[in-house]
Amino acid sequence: MAREIAKAYEPQQIEPRWAEFWVKEALFRADASAPGPVFSIVIPPPNVTGSLHIGHMLDHTEIDILTRWHRMRGYNTLYLPGMDHAGISTQRVVVRQLAEQGIDYRKLGREEFERRVWKWKEESGGMILGQMRQIGESCDWSREKFTLSPELSRVVREVFVRLYEEGLIYRATRLVNWCPDCLTVLSDLEVAHEERQGHLWHIKYPIVGTKEFLTVATTRPETMLGDTAVAVHPEDERYKRVVGRKALLPLMNREIPIIADEMVDREFGTGAVKITPAHDPNDFETGKRHKLAEIDVMTDDAHMNANAGAYAGLDRFQARKKIVEDLKAQGLLEKTTGHTSAIGLCERSKTVVEPRISTQWFCKMKPLAEPALAAVERGEIRMVPDNRREEYFNWMRNIRDWTLSRQLWWGHRIPAWYCKENKHVTVAREIPAKCATCGSANLEQDADVLDTWFSSGLWPFSTLGWPENTVDYKKYYPTSLLITGYDILFFWVARMIMMGIHFTGQVPFRAVYLHALVRTGSGEKMSKSKGTGLDPVALNQQYGTDAMRFCLASMAAPGTDIILSDDKLASARNFANKIWNAARFLFVNLDKFEQSGAKLEDLAGPEVRAKAPYAAGGEIPLVDAWLYARLAETVEMMNDALANYRFHEAAQGVYQFFWGDFCDWYIEWVKPELQSADRERATVAWKNLFAAFDAALRLLHPFMPFLTEELWHQLPQQAGARSIALGRFPEAELRWKNADALRDVAQIQEVVTALRAIRAELRVEARKKAGAEFSTTDRGLGDLIRTNKEAVERFAVLSELRMVLNERFDAKSGAVRSTATFDVRVVYSETVDAGAEMTRLKKEIEGLRKAIASKERQLGDETFRSRAPEMIIKGLEATLAQQRIEQEKLRRRLGDLDGGSQAAGT
RNA sequence: AGGCCCGUAGCUCAGUUGGUUAGAGCGCUACCUUGACACGGUAGAGGUCUGGGGUUCGAGUCCCCACGGGCCUACCA
């Protein structure tokens, strides 16, 4: 039966089938009762509003590689998927949608609005989970979680109440970050700072009872309407005499005190500062110290309010413009200078955040931070790359209280009830029937919801069933690892650690791997709004998901950002195609071999593969011994690399093994054997080839799940075996290790390469078989080349390789290459280009001269000899001896050529 | 303002505890459409590791300074 195999790999034909298969068969469902060491990992929950972007692609590729690798090594493996409810983003999306239909969400009322959001969630939310299935992530979909589900909402309430009872959650009136677009308060982390070019307006405030002015400098003139003081430094000689007087606030005609406070920087601006306690964090503190009034001059959507006098109703920026004009008209604007400052923007809406006085719920962080700091310090959580530890420590040490409440409808409603009779607050797990103090049933629940990140912080244990001591919790918590981008170290990682330790008494994960960001070709952070983002779904379609995964993995060196390009993706796609074609080679040739009665089952059955490599004539052929030795090396290297999150090394290692060793040398070497008339030799070659190929597929599987699954199914497998993903990652078998074979084949490769180089130099046509000679003083090498003469002849396209032991080649015909241990010559009618050859020789001799000189200098140095380790000295000496021989040979050769050309010239 | 990271071949990046002629992919040059693969094969050119100083027998690797680039934290109006 002849097999039909496409000439090039077409991932589009293959991927959807396996993606569906993995989900339908529930292949990655974890079994908490199964044996084996545990590997558990929870997804960093993506937004319900989100779709797969390139950052997820990297994150999920790394997670899935490690998950598949552990699973294949016999771990009881759980990869738990899910999403967070993304309070602000989701509400924004649905509000906008309703607005498009002409519906004001506020008019719908809270309950109806929530119903609409759930409907939206069911219909169009969670696109990313579908995409994760498409790209074949090996999640346990039966354990999928959502932060706003009833199950996880209970956990959130439990945690809130406990923290409240412990005195860690409190309600207070503070100056907070307010987003006038999202109409909610934000935590410090949700404010992004951006340097912007602005102005510094110098405004003259008349001093009451004098004809003088006190000039203040401000970047936000609109806030002056809420000024309740002007401050100067107590030791500022310029202003000492005005302290205690009053200034007349322009435009408002309000008398405000001139006070002295040490917070004033005498060097900045005029040294006099307007104080607006209701609109500036610094001024808020100053206001408290001096018991100043707090006048809020804005509405929640950043328009000026009734306190703003004539400016009421204007947008804050229009008001700024108008105020500056009016001041100018009244001659109170002294001057305007350019000023750059970092302004706070809302992460979601990009609106300028307005500091505002507001009553909110807060969480005390210091008591939570201390154990979280200590756990990382003590190494209970390994952080990779470890230079991120400093950032973590720094943030933890300077941590500030967390603003928990949000003025939204979509989220976990704060479990606090206010008594309408006596204002008493009841915080409870369940809806309280009456006020605890006065017994009134007239209660009203707090209207606000909790920050989404509050529930995300509980994710590693809330998803496993805490506070119940469930089977999953017992088995899979603490999780093994968290993989996420370093940009959300504080959002997630830090909070998960704090909450995890506080509530479970254990760290939530034993290690954190913080990966890089994917950047554009020009090195910028990708951004959807700038249109600089790459769409991984489209790229997966174009190049194949396996290629994308391999590409990302091969660039994912810890701590380094990734700049993705078409070139790199194409290179990974080429690799996938190479693997496909190696398989194609196997099966096309197998068709021929099967015609002589061989059966695939006998050559490649699972029990046949298990015993490879096989011997022919009592001995394992050199090239097979070599390949399995390389396989063992590669397995060890990959295991070590993956254990240390060195994805790029593992990827490059398997690339080198498959392409360089397996395709370029091994397949080429055994080609004739596969169709050999010698039945035993052919059978052994096939068995060794298939077993090696199968092992290579398993090595590749964590990186390229689709392609390897497809090809694995074309090999005979054990009855009931459903997927390569449930097979074993190869072990570095002791019997595969073979230092002699590694050395021998390396030597043969060196001889072959030397011969090929000569052919290229002489411009021998590719298929023209040339004669060649080989000479060595090394007996072992001579034997080795003689034994493998046929292979060398084939690799170097020779009619014959003559062994001319201990003979020195002259320059008469052909070209020569020499190493310290051997010389080769290709005999060819065309003569060498003596000029070019001499240039090459001179260059090489010069290189050697430098190398030799530096070694001689070092070895001649007594201090070096007495201090350097023995191994280094021995190594240098050995190399030096080799290089001297080599240099001598090259010099002689140069002399021959030189003499020859002179002779020809005369 | 404080902290962190980076500067190695034309490009993008590796380079484990300082130790023998600094590696890879892409690109480039030459040759090759050979029965797995041109998404391929073979051979090759190309860096002295941003600059300066220091420690050391020995520095791409450790220390200091400068220059260049990036990031994070921070209430300078």
Side-chain angles (χ1 to χ4, degrees), chain A residues 5 7-9 175 188 193 200 216-220 223 231 263-265 267-270 272-276 280-285 339 341-342 355 385 387-388 390-391 394-395 398 486-487 489-490 517 519 521 523-525 547 554-555 557 559-565 567-568 570-589 644 646 648-649 652 655-656 663-664 667-668 753 756-761 763-767 797 847-848 850-852 854-855 858 861-869 871-880 883:
Chain A
I5 304 168
K7 201 172 167 184
Y9 177 50
L175 199 84
D188 295 340
H193 294 273
L200 198 55
V216 302
T218 180
T219 53
R220 304 176 58 214
T223 63
M263 60 75 80
V264 178
D265 177 358
E267 310 300 317
F268 190 88
T270 63
V273 193
K274 58 191 263 327
I275 303 294
T276 324
D280 181 279
N282 256 330
D283 296 1
F284 181 74
E285 296 302 323
H339 183 71
S341 57
N387 58 20
R388 295 281 164 198
E390 278 310 314
E391 234 169 86
N394 196 36
W395 189 76
N398 301 308
Y486 62 70
D487 52 333
L489 175 60
F490 309 131
L517 301 181
R519 296 181 180 279
E524 288 166 24
K525 197 167 164 175
S554 65
M555 292 190 295
T560 314
D561 285 347
I562 291 175
I563 296 180
L564 201 59
S565 66
D567 281 357
K568 287 169 184 161
S571 161
R573 177 207 54 196
N574 295 353
F575 183 46
N577 187 56
K578 188 73 180 179
I579 298 166
W580 180 260
N581 271 287
R584 186 163 181 267
F585 168 81
L586 258 64
F587 290 114
V588 166
N589 283 276
N644 292 291
R646 306 178 66 80
H648 68 300
E649 269 184 22
Q652 281 163 19
Y655 181 97
Q656 169 58 34
C663 292
D664 289 348
I667 287 186
E668 292 304 325
T753 303
R756 283 170 170 173
I758 301 175
R759 292 180 59 95
E761 188 184 350
R763 300 188 183 285
V764 182
E765 302 107 86
R767 267 172 297 181
V797 199
L848 283 167
K850 280 188 189 154
I852 289 168
S854 99
K855 283 189 194 61
Q858 262 193 311
D861 184 337
E862 272 317 306
T863 335
F864 170 73
R865 284 191 164 277
S866 61
R867 297 197 190 178
M871 254 188 54
I872 297 296
I873 297 175
K874 282 268 156 60
L876 274 177
E877 281 170 346
T879 313
L880 176 60
Q883 287 176 340

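A, B, ... follow the sequence lines: proteins, then strands. Residue 1 opens every chain. Only a predicted model underlies this, so the values are computations on that prediction, with no experimental measurement involved.
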Distance-only, no hydrogens or angles: does the [X] side chain make a donor-acceptor pair with backbone N or O of [Y] under 3.5 Å?
{"X": "A:Arg584", "Y": "A:Ile579", "answer": "no"}
{"X": "A:Asn589", "Y": "A:Phe585", "answer": "yes"}
{"X": "A:Asn577", "Y": "A:Ala8", "answer": "no"}
{"X": "A:Asn398", "Y": "A:Asn394", "answer": "yes"}

**Report entry** Closest contact, heavy atoms only, A:Ala217 versus A:Gly269
**Finding:** CB-CA, 4.2 Å
So, under a plain 3.5 Å distance rule, would you say the side chain of [X] forms a donor-acceptor pair with the base of [N]?
{"X": "A:Glu649", "N": "B:A24", "value": "no"}
{"X": "A:Gln858", "N": "B:U20", "value": "no"}
{"X": "A:Lys568", "N": "B:C26", "value": "no"}
{"X": "A:Asn282", "N": "B:C75", "value": "yes"}

Report which part of the nucleic acid [X] touches: base, sugar-phosphate, or nothing (heavy-atom distance under 4.0 Å, all strands).
{"X": "A:Lys855", "result": "sugar-phosphate"}
{"X": "A:Ala570", "result": "nothing"}
{"X": "A:Val588", "result": "nothing"}
{"X": "A:Leu848", "result": "base"}
{"X": "A:Lys274", "result": "nothing"}
{"X": "A:Asp664", "result": "sugar-phosphate"}
{"X": "A:Thr753", "result": "sugar-phosphate"}
{"X": "A:Glu267", "result": "nothing"}
{"X": "A:Arg646", "result": "sugar-phosphate"}
{"X": "A:Pro869", "result": "base"}
{"X": "A:Arg573", "result": "base"}
{"X": "A:Asn394", "result": "nothing"}
{"X": "A:Asp283", "result": "nothing"}
{"X": "A:Gly875", "result": "base"}

Interatomic distance at [atom1], [N] relative to [M], whole Å:
{"N": "B:U16", "M": "B:C6", "atom1": "P", "answer": "12 Å"}
{"N": "B:A59", "M": "B:G51", "atom1": "P", "answer": "15 Å"}
{"N": "B:G58", "M": "B:A43", "atom1": "C1'", "answer": "36 Å"}
{"N": "B:U61", "M": "B:G25", "atom1": "P", "answer": "25 Å"}
{"N": "B:C65", "M": "B:U55", "atom1": "C1'", "answer": "15 Å"}
{"N": "B:A66", "M": "B:G23", "atom1": "P", "answer": "34 Å"}
{"N": "B:U48", "M": "B:U56", "atom1": "P", "answer": "28 Å"}
{"N": "B:U12", "M": "B:U21", "atom1": "P", "answer": "29 Å"}

Closest to the [X] side chain, choosing from [options]:
{"X": "A:Asn581", "options": "B:C39, B:C76, B:A36", "value": "B:A36"}
{"X": "A:Asn577", "options": "B:C76, B:C39, B:U21", "value": "B:C39"}
{"X": "A:Leu876", "options": "B:U20, B:A43, B:U34", "value": "B:U20"}
{"X": "A:Ala582", "options": "B:C32, B:C72, B:A36", "value": "B:A36"}
{"X": "A:Ile563", "options": "B:G40, B:C32, B:U12", "value": "B:U12"}
{"X": "A:Asp265", "options": "B:A36, B:A74, B:A77", "value": "B:A77"}
{"X": "A:Thr879", "options": "B:U42, B:A30, B:U20", "value": "B:U20"}
{"X": "A:Cys663", "options": "B:A36, B:A74, B:U21", "value": "B:A36"}
{"X": "A:Ile667", "options": "B:G44, B:U21, B:A36", "value": "B:A36"}
{"X": "A:Ser571", "options": "B:C26, B:A77, B:C39", "value": "B:C26"}

Gap between atoms [atom1] and [atom2], on [X] and [N] respectively (whole Å):
{"X": "A:Tyr486", "N": "B:U73", "atom1": "OH", "atom2": "P", "answer": "11 Å"}
{"X": "A:Arg759", "N": "B:A43", "atom1": "CZ", "atom2": "P", "answer": "12 Å"}
{"X": "A:Arg388", "N": "B:C71", "atom1": "CZ", "atom2": "C1'", "answer": "8 Å"}
{"X": "A:His648", "N": "B:G25", "atom1": "NE2", "atom2": "C1'", "answer": "13 Å"}
{"X": "A:Phe268", "N": "B:A77", "atom1": "CZ", "atom2": "P", "answer": "5 Å"}
{"X": "A:Asp487", "N": "B:C5", "atom1": "CG", "atom2": "P", "answer": "18 Å"}
{"X": "A:Gln652", "N": "B:U12", "atom1": "CD", "atom2": "P", "answer": "17 Å"}

Query raised in the report: Which residue, A:Asn387 or A:Arg584, contacts RNA chain B at a nucleotide closer to its 5' end, judged by nearest heavy atom?
Result: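 It is A:Asn387 whose nearest nucleotide is closer to the 5' end.
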Query raised in the report: Start at the 5' end of RNA chain B and walk down; is the nucleotide closest to A:Ser554 or to A:Tyr655 reached first?
Result: A:Ser554
Query raised in the report: Should A:Lys578 be listed as having a side-chain N or O under 4.0 Å from OP1 or OP2 of B:G41?
Result: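 For B:G41, OP1/OP2 do have a side-chain N/O of A:Lys578 under 4.0 Å.
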Query raised in the report: Can a side chain N or O of A:Asn574 be found less than 4.0 Å away from OP1 or OP2 on B:G40?
Result: yes
Please list, chain by chain and in numerical order, all residues satisfying side-chain hydrogen bond (donor to acceptor under 3.5 Å, both in side chains) with [X], sequence neighbours excluded.
{"X": "A:Ser866", "answer": "none"}
{"X": "A:Ser554", "answer": "none"}
{"X": "A:Asn644", "answer": "A:Arg382"}
{"X": "A:Glu391", "answer": "A:Arg388"}

Query - Dot-bracket summary - RNA chain B, pairs being Watson-Crick or G-U whose distances fall under 3.5 Å, with | when paired to another strand - result: (((((((..((((.....[...)))).(((((.......))))).....(((((..]....))))))))))))....
Report task. Name all residues meeting the side-chain contact (heavy atoms from CB on, under 4.5 Å) criterion together with A:Tyr655; count only those two or more places apart in sequence or in a different chain, and write none if there are none. Result ->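 So A:Tyr655 forms a side-chain contact (heavy atoms from CB on, under 4.5 Å) with A:Phe550, A:Phe575, A:Trp659.
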